[in-house]
Trainee: 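Quick one: the structure is below, questions incoming.
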Amino acid sequence: MNEFTKTLCPYCGVGCGLEVSPPAQHGKATNRDSEGTPTWRVRGDKSHPSSQGMVCVKGATIAESLDKNRLNYPMMRDSLKQEFRRVSWDEAFDKITQRIQTLRLNGDETDSICMYGSGQFQTEDYYLAQKLLKGCLGTNNFDANSRLCMSSAVSGYIQSFGADGPPCCYEDLELTDCAFLIGTNTAECHPIIFNRLAKYHKKNRHVKMVVVDPRRTPTAEAADLHLAIRPGTDIDLLNGIAHLLMRWNYIDTLFMDDCTSNFPAYAEVIRHYSPDVVASRCGISIADLETAAKYWGKSKSVLSLWSMGVNQSTEGTAKVRTIINLHLMTGQIGKPGAGPFSLTGQPNAMGGREAGGLAHLLPGYRLVKNEQHRTEVEDFWGLERGKISPVAGLTAWDMITGLESGNVGLLWIAATNPAVSMPDLERTKKALLKSPFTIYQDAYYPTETSAYAHVLLPAAQWGEKTGIMTNSERRVTLCSAFREPPREAKPDWEIFAEVGRRLGFEDKFAFNNSAEVYAEFVQLTRHRPCDMSGLSHQKLQVQGPTQWPHPKEEAGTRRGRDAGKRLYTDLRFHTPDGRARFGAYYSKGLAEPPDPNYPFVLTTGRLYGHWHTQTRTGRIEKIRQMHPEPFIEIHPRDAATLGIIDHQWLEVRSRRGKTKFPAKVTKAISPGTVFVPMHWGKLWADDAEANNLTHSESCPDSLQPELKACAVQLVPIFVESTAKNYQLQSSQW
Ligand SMILES: Nc1nc2c(c(=O)[nH]1)N[C@H]1C(S)=C(S)[C@@H](COP(=O)(O)OP(=O)(O)OC[C@H]3O[C@@H](n4cnc5c(=O)[nH]c(N)nc54)[C@H](O)[C@@H]3O)O[C@H]1N2
Ligand SMILES: Nc1nc2c(c(=O)[nH]1)N[C@H]1C(S)=C(S)[C@@H](COP(=O)(O)OP(=O)(O)OC[C@H]3O[C@@H](n4cnc5c(=O)[nH]c(N)nc54)[C@H](O)[C@@H]3O)O[C@H]1N2
Ligand code: SF4
Ligand SMILES: [Mo]
């Protein structure tokens, strides 16, 4: 093995290139964790085009989490009341296959088999899970945590452009005249993208940066204009900007005539969004609204960036399409520095979309409901026609309600921690307790979800398996293994393949390694929007990270240097008529608006150092010190009304549950709104789970829940501290 192995950071969708080397090779300079144990050395990969050698604190400290509290062996128990006992892989596989066969033999019950996966899978893991569930078992009940994350972006892109896929690239961050950031705290959540943008913005005075966020985040601090809108008023704002662009004639009629459809319906909608109406609904000044519209209208190129403040909404798809509308009316797409750029959350949520990793998708950007798509996949997998079900499977939340109604017979959870991250957590946990059979496949033990499992399967994680991840700019990177999995842990794809073989599908899962899995998968992308049929592990090893589309070269053709950089440069879209479609949406607002009983809007989100449910970052001392305990942000005016000061405790109650936090009194949050981080589950603090408060109402198109807003009441209380100093003992299993 080379001294350094090239790979990708396994945290966020920026997808920074890393170089990793073993502890032993650095003599005295060996890196050590806080307990003095030598750790792997990690540094930014200067040759990776997406990150150019940069990393944030999460990537830089990842090595410290590799050996702490790992799940080393398969474990089983007959009921959740019992202790786990260690079992062999054989015993675990037998139990799982028996259970699946029983449900299959009962006819209809095949559809009670469910898998809930994750954007932290590699593409090979994702692909084999689809082949097993949607192909061999004939149920589309595979969903991923991307349902809570990217699904509104997916449905917005599909409805407006005829296909999913962010059309932009990171170079656009350094080519744009106006960056319009909405519902994204890029500085904390996509730090290296933000570094690139902020550096360029600072150097070029003509470049404008607008941030739309109810909180004054570190991202908003860097902006020329911060629009602190009321939560849930994004469509009002965007339609209001469109209204002014029309009024001031900043529109590209040539582009609209040649390349779009449905403008009249949209024009009828935006007519109703005059500046006075919009300013008062959003809680901003007319002058600020006009400035935003001028920045957009006057700039030669406009790049919009968004993430959860947009997607996690009952209007998620409508918000995404309304952002895209602004690009369509001003011709801001398909050229350098321009376009609607959804920032992907997880390291391989993009790969999940390519592999068909949501309940309504099939591999290669195909749809379950499309007969031709099903036939193509059935033929490719060698299945009889009609084997793939034409109905979309259960979404993540449907699986929870399916447990409640007794319609789920087997729930297989992998690479996600729903006992922290799902909405309406008390209800979620009650449902998980009712599960007749839950398999939980994770790299760590314990996590909050292991308490709800009958079978625990130890997963090899990043660095212990070789596989592919795609980042936000469609760049595909081979992530090579650089160490052995601990004890008996196995890569996710191998576990799925073994179950497939044991169920009698030997020929469909005859893979010797992940390169073979990938080679099969890319053939299913041929002639599809996400065509990567020209890629393989071997090729990526040689040529390095590569953007799709990257078709297999036909004889006599040559790929241009910029191939794959941007989508839609020919201004032809994937819709039947080749035109991008305007979406016409009136604003609806929050599903659960504040009222006299629950007078505050609670919003939830992330902090710079922590990753989601802390399975890794909670075990890294430097990060724990950076964010020692949970808190609730509250505006000084609201704090005064409640009669509390900084650090005093508040009980936070919603219609579904309650929590408690010390107050962080700050003008960074708008009056009437409060914010809590999502990172503290039961293992890390008492009663600080953001999702005890949230609800499960979701967008009708994307079915993505509105994790960004619910109504709460605040009651001052006396408490000493609830943060747990979680023991970092080495795993006994
Ligand atoms: N440090 C860190 N980085 C991460 C992650 C992590 O856990 N930690 N997770 C990764 C993942 S999976 C994801 S999905 C991304 C998420 O990345 P982001 O979306 O940037 O993160 P969030 O903090 O969830 O939410 C972003 C902002 O939305 C704002 N917001 C709330 N309601 C509204 C609204 O109605 N309108 C608007 N315009 N804004 C609103 C919030 O105030 C918040 O600042 O981060 C990725 N990167
Ligand atoms: N209130 C609120 N809730 C939210 C959000 C919010 O903004 N607010 N955001 C939502 C979003 S966008 C997201 S993405 C989710 C994230 O929520 P989760 O997916 O629940 O969070 P993670 O902590 O990332 O969990 C990933 C798990 O996968 C394990 N793991 C890591 N690598 C591997 C591997 O290779 N194989 C296997 N089998 N396991 C592995 C880790 O140990 C960890 O337990 O939370 C959602 N929930
Ligand atoms: S920006 Fe994202 S991908 Fe890059 S080092 Fe930080 S967490 Fe990892
Ligand atoms: Mo996410």
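When a ligand or atom number is given, it counts from 1 through the structure's own listing order.
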Trainee: Would Lys490 pass as a cation-pi partner of Trp89, given that its NZ or CZ must be under 6.0 Å from the six-membered ring centre and within 45 degrees of the axis?
Mentor: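 Checked: cation-pi criterion met.
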Trainee: Has Ala709 got any heavy atom lying under 4.0 angstrom from an atom of ligand 1?
Mentor: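 No heavy atom of Ala709 comes that close to ligand 1.
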Trainee: Looking only at protein heavy atoms, which one is nearest to atom 12 (S) of ligand 1, and what is the separation?
Mentor: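 The closest heavy atom on the protein side is His612 NE2, 3.0 Å.
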Trainee: Consider only side-chain N and O atoms of Ser155 and Thr317, and report whether a donor and an acceptor are under 3.5 Å apart.
Mentor: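 Short answer, yes.
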Trainee: Taking the six-membered ring where the residue is Trp, are the ring centres of Phe121 and Tyr126 under 6.0 Å apart?
Mentor: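 Yes, they do, as the ring centres are separated by less than 6.0 Å.
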Trainee: Looking only at distance, does Lys708 have an N or O less than 3.5 Å from an N or O of ligand 2?
Mentor: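 Checking ligand 2 against Lys708, an N or O pair does fall under 3.5 Å apart.
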Trainee: Please check whether Gly605 reaches ligand 1 - meaning an N/O of the residue sits under 3.5 Å from an N/O of the ligand, judged on distance alone.
Mentor: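 No; the residue has no nitrogen or oxygen that sits under 3.5 Å from a nitrogen or oxygen of the ligand.
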Trainee: What do you reckon, does Thr217 have a nitrogen or oxygen under 3.5 Å from a nitrogen or oxygen of ligand 1?
Mentor: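 No, no N or O pair falls under 3.5 Å.
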Trainee: Applying a strict 4.0 Å limit to heavy atoms, is Arg230 in contact with ligand 1?
Mentor: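 False for this residue.
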Trainee: Can you tell which part of Thr603 has a heavy atom less than 4.0 Å from ligand 1: side chain, backbone, both or neither?
Mentor: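 Looking at Thr603 and ligand 1, just side chain atoms fall under 4.0 Å.
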Trainee: Go through the steps to decide whether Thr438 and Ser435 satisfy the test side-chain hydrogen bond (donor to acceptor under 3.5 Å, both in side chains), and finish with yes or no.
Mentor: CA-CA 6 Å; Thr438 300; Ser435 174; 2.7 Å; yes
Trainee: Looking only at distances, can you tell me whether any N or O atom of Gly183, backbone or side chain, sits closer than 3.5 Å to an N or O atom of ligand 1?
Mentor: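 Yes, at least one N or O pair falls under 3.5 Å.
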Trainee: Could an N or O of ligand 1 be found under 3.5 Å from any N or O of Leu607, whether backbone or side chain?
Mentor: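 It does: an N or O of Leu607 is found under 3.5 Å from an N or O of ligand 1.
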Trainee: Out of Gly463, Ser421, Ala443, whose heavy atom is nearest to atom 17 (O) of ligand 2?
Mentor: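 Ranked by closest heavy atom to atom 17 (O) of ligand 2, first place is Ser421.
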Trainee: In this structure, does ligand 1 have an atom that sits under 4.0 Å from one of the heavy atoms of Lys319?
Mentor: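 It does; at least one heavy atom falls under 4.0 Å.
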Trainee: Check each atom of ligand 2 against the heavy atoms of Gln312 and keep those under 4.0 Å away; list them by number with element.
Mentor: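 Numbered from 1, ligand 2 contributes 5 (C), 6 (C), 7 (O), 9 (N), 10 (C), 12 (S).
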Trainee: Among all protein non-hydrogen atoms, which one is nearest to atom 11 (C) of ligand 1, and what is the separation to 0.1 Å?
Mentor: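 It is Gly345 CA, 3.3 Å.
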Trainee: Would you confirm whether the ring centroid of Phe496 sits within less than 6.0 angstrom of the ring centroid of Trp412?
Mentor: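 Yes.
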Trainee: Among Arg616, Glu448, Arg70, which one has a heavy atom closest to atom 32 (N) of ligand 2?
Mentor: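 When every heavy atom of Arg616, Glu448, Arg70 is considered, Arg616 comes closest to atom 32 (N) of ligand 2.
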Trainee: Which atoms of ligand 2 sit under 4.0 Å from any heavy atom of Asp492?
Mentor: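 Listed by number with element, the hits are 34 (C), 35 (O), 36 (N), 37 (C), 38 (N).
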Trainee: Taking only non-hydrogen atoms of Val420, do any sit less than 4.0 angstrom from ligand 2?
Mentor: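 False for this residue.
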Trainee: For atom 36 (N) of ligand 1, which protein heavy atom lies nearest, and how many Å away is it?
Mentor: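 Protein heavy atom with the smallest distance to atom 36 (N) of ligand 1: Asp234 OD1, 2.9 Å.
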Trainee: Regarding ligand 1, does His679 bring an N or O atom to under 3.5 Å of one of the ligand's N or O atoms?
Mentor: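 Among all N and O atoms of His679, none is under 3.5 Å from an N or O of ligand 1.
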Trainee: Run the numbers for me: atoms of ligand 2, each under 4.0 Å from some heavy atom of Thr613, listed by number.
Mentor: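 Counting atoms of ligand 2 from 1, those under 4.0 Å from Thr613 are 20 (O), 21 (O), 22 (P), 23 (O).
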Trainee: Which option, Met678, His627, Arg215, His610, owns the non-hydrogen atom nearest atom 2 (C) of ligand 1?
Mentor: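 Shortest heavy-atom distance from atom 2 (C) of ligand 1: His610.
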Trainee: Hey, does Arg606 sit under 4.0 Å from ligand 2 if you only count heavy atoms?
Mentor: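 It does, in that a heavy atom of Arg606 comes within the 4.0 Å cut-off of ligand 2.
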Trainee: Can you confirm whether the side chains of Gln461 and Tyr444 place a donor and an acceptor under 3.5 Å from each other?
Mentor: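 Indeed, the side chains of Gln461 and Tyr444 share at least one donor-acceptor pair under 3.5 Å.
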Trainee: Measure from the ring center of Trp462 to the ring center of Phe482 and say whether it is less than 6.0 Å.
Mentor: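 Yes: the rings meet the under 6.0 Å criterion.
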Trainee: Would you say Lys465 touches ligand 2, if touching means a heavy atom closer than 4.0 Å?
Mentor: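 Lys465 counts as a contact of ligand 2 under the 4.0 Å cut-off.
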Trainee: Please confirm whether Ser307 comes within less than 3.5 Å of ligand 1 when only nitrogen or oxygen atoms on both sides are compared.
Mentor: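 Checking ligand 1 against Ser307, an N or O pair does fall under 3.5 Å apart.
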Trainee: Check contact between Ala460 and ligand 2, using heavy atoms of the residue and a distance below 4.0 angstrom.
Mentor: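 Ala460 counts as a contact of ligand 2 under the 4.0 Å cut-off.
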Trainee: What do you reckon, does Phe121 put a non-hydrogen atom under 4.0 Å from ligand 2?
Mentor: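 Flag not set, Phe121 not near ligand 2.
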Trainee: Quick one: does Cys189 get an N or O within less than 3.5 Å of an N or O on ligand 1?
Mentor: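 Min N/O separation from ligand 1 is below 3.5 Å for Cys189.
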